[in-house]
Colleague: 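I'd like to ask some things about the structure below.
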Amino acid sequence: MNRSVANPSSGSKSSASHAPGSQTRRIILTGDTPTGQLHLGHYVGSVKRRVELQDTHECYFIIANLHAYTTRADKPDEIRRDCLEIVRDHLAMGIDPRKATIFLQSEIPAIAELTFLFAMLLPFNRVMRNPTLKDEIKVKGLGENYSFGFPLYAVGQTADILSFRAHGVPVGEDQVPHLELTREVARRFNQMYCGVSDKTDDDDHVKLGGVFPIPKADVGKVGRLVGIDGVNKMSKSLNNAIFITDTPKQVQSKIGKIFTGRQSPTAPGDPNNALFQYVETFIPDPARVAELKDRYKRGDNIGDGHIKAEVADALNKLLEPMRQRRKQYEGNDQPILDILKEGSARAIETTEKTLALAKDAARFGFFKRRIAYDNR
Ligand code: ATP
Ligand code: MG
């Protein structure tokens, strides 16, 4: 896919407005469903970008645990465990909870309330036409038997993003259709309840009285890392992922499984195959990548096994510091729960403000309320 969706950090604001501590820092919302641990696809598709953005933007990272119930409602213990494991993965990959807010979706009432309202702003058929939903139904083998809540998660995701009035959403390319749905909801809300005209440019909605900025997807350089099956997107649910907790040996053996169909080191190979996506993504030296590509194409006595060993080596170099950092957070849940509680409290504060604005605009802002944790 081409990167036609603009990068939020290249918006019209000057760089001074991105300075840490500035009131006008632009807002980022993104996150993960706790359907397993984070893998290399998450890292290259979204988390690497999050680590950069946490220094310059107001970042909120959601653990979308309610969305995990759309396909795993019968496995509540696993979902709970994965929430904590994903936070550990975040910390290992370089997210700093002093810079960014990591929180649990289920702790944020405004998200559920806005989901209900936004569900009224989207035609049912529009939601069901979403290609990412259709693909998930197919790939996860959900058939006709998915829950009512399964397609509702696409609406819920619009609320995840808009309840923070986010400007940018760093995501992999599978999420772009969800972002498009979110942009439609934001426009419709601003037009229906805030008097914004349908001729208004996306960038001018808030200036002209809209509650919601029209958010932009920020697709990473590698928007879709293929899994070790060489076919599907690397995915927690498809058993084709390399996790950051995998040992060096596991990484070697998983990379060894990538199927290329090539017969011998002297057969000309296709440098657009799955193995070469790994070469291009993970071997850091561009000159070496170019050399490997050239020799592979010509069948210049270079075996797949040799290339796989180089890829595994590069991956293990990338993952080793993450594994080390992760160790500090293993074996004790309390520090992870503390991060989530603190982050959720901050997220409640931000989203309650948005909810109040949205309720006033949609004429059901009757009374003011305050939500707080009981700290006894
Ligand atoms: P599931 O199989 O449960 O849907 P997932 O592996 O697709 O899990 P998500 O939690 O849905 O993970 O995605 C979190 C973020 O990581 C999203 O922004 C998504 O686009 C990105 N992402 C996930 N897999 C990849 C991948 N293989 N390549 C690039 N980005 C990815
Ligand atoms: Mg997914």
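Here the structure is a predicted model, which means the values were calculated and not measured. Read the numbers this way: they start at 1 and go in the same order the structure lists the ligands and their atoms.
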Colleague: Might you point out which heavy atoms bring Val127 and Leu133 nearest each other, and give the distance in Å?
Modeller: O-CD1, 3.6 Å
Colleague: Less than 3.5 Å between some nitrogen or oxygen of Ser46 and one of ligand 1, yes or no?
Modeller: no
Colleague: Classify the angle between the aromatic ring planes of Phe189 and Tyr193 as parallel (below 30°), tilted (30 to 60°) or perpendicular (above 60°).
Modeller: perpendicular
Colleague: When only distance counts, is Lys140 in polar contact with ligand 1, meaning an N/O pair under 3.5 Å?
Modeller: yes
Colleague: Is there a nitrogen or oxygen of Glu173 sitting under 3.5 Å from a nitrogen or oxygen of ligand 1?
Modeller: no
Colleague: Compute the shortest N/O to N/O distance between Gly172 and ligand 1 and return yes if it is under 3.5 Å, no if not.
Modeller: yes
Colleague: Grab the two heavy atoms, one from Phe212 and one from Ala358, that are nearest each other, plus how far apart they are.
Modeller: CZ-CB, 4.2 Å
Colleague: Please report whether ligand 1 has a polar contact with Leu225, defined as an N or O pair separated by less than 3.5 Å (distance criterion only).
Modeller: yes
Colleague: I'd like to check the ring-ring contact (aromatic ring centres under 6.0 Å, His included) partners of Tyr69; sequence neighbours left out, ordered by chain and number.
Modeller: none
Colleague: Please work out whether any backbone atom (N, CA, C, O) or any side-chain heavy atom from C-beta onward of Met234 is under 4.0 Å from ligand 1, and answer side chain, backbone, both or neither.
Modeller: both
Colleague: Lys216 pairs by side-chain contact (heavy atoms from CB on, under 4.5 Å) with which of Leu179, Thr182, Asp203, Asp202?
Modeller: Asp203
Colleague: Look only at interatomic distance and state if Asp32 has a nitrogen or oxygen under 3.5 Å from any nitrogen or oxygen of ligand 1.
Modeller: no
Colleague: Can you say whether the rings of Phe103 and Phe164 are parallel (under 30°), tilted (30 to 60°) or perpendicular (over 60°)?
Modeller: tilted
Colleague: Nearest heavy atom to atom 29 (C) of ligand 1 wins, so pick from Gly223, Gly220, Ser235.
Modeller: Gly223
Colleague: Give yes or no for whether the N/O distance cutoff of 3.5 Å, strictly under, is met between Pro170 and ligand 1.
Modeller: no
Colleague: Would you confirm whether Thr115, through its side chain, and Ile111, through its main-chain N or O, come within 3.5 Å as a donor-acceptor pair?
Modeller: yes
Colleague: Does atom CZ of Phe364 have more than 12 heavy-atom neighbours, drawn from other residues, nucleotides or ligands, at distances under 6.0 Å?
Modeller: yes
Colleague: Considering only heavy atoms of Gln175, which atoms of ligand 1 have at least one such atom less than 4.0 Å away?
Modeller: 17 (C), 18 (O), 19 (C), 20 (O)
Colleague: Using distance alone, decide if ligand 1 has a nitrogen or oxygen within less than 3.5 Å of any nitrogen or oxygen in Val171.
Modeller: no
Colleague: So is there a nitrogen or oxygen of Thr30 less than 3.5 Å from a nitrogen or oxygen in ligand 1?
Modeller: no
Colleague: Using non-hydrogen atoms of the residue, decide whether Pro34 is closer than 4.0 angstrom to ligand 1.
Modeller: no
Colleague: Mind checking whether Thr33 contacts ligand 1 via backbone (N, CA, C, O), side chain (CB onward), both or neither, at a 4.0 Å heavy-atom cut-off?
Modeller: both
Colleague: Only heavy atoms of Arg224, strictly under 4.0 Å: list the atoms of ligand 1 that pass.
Modeller: 28 (N), 29 (C)
Colleague: Quick test of your reading: applying salt bridge (Lys or Arg N to Asp or Glu O under 4.0 Å), list the pairs with at least one residue in residues 273-284, sequence neighbours left out, ordered by first then second residue.
Modeller: Glu280-Lys293
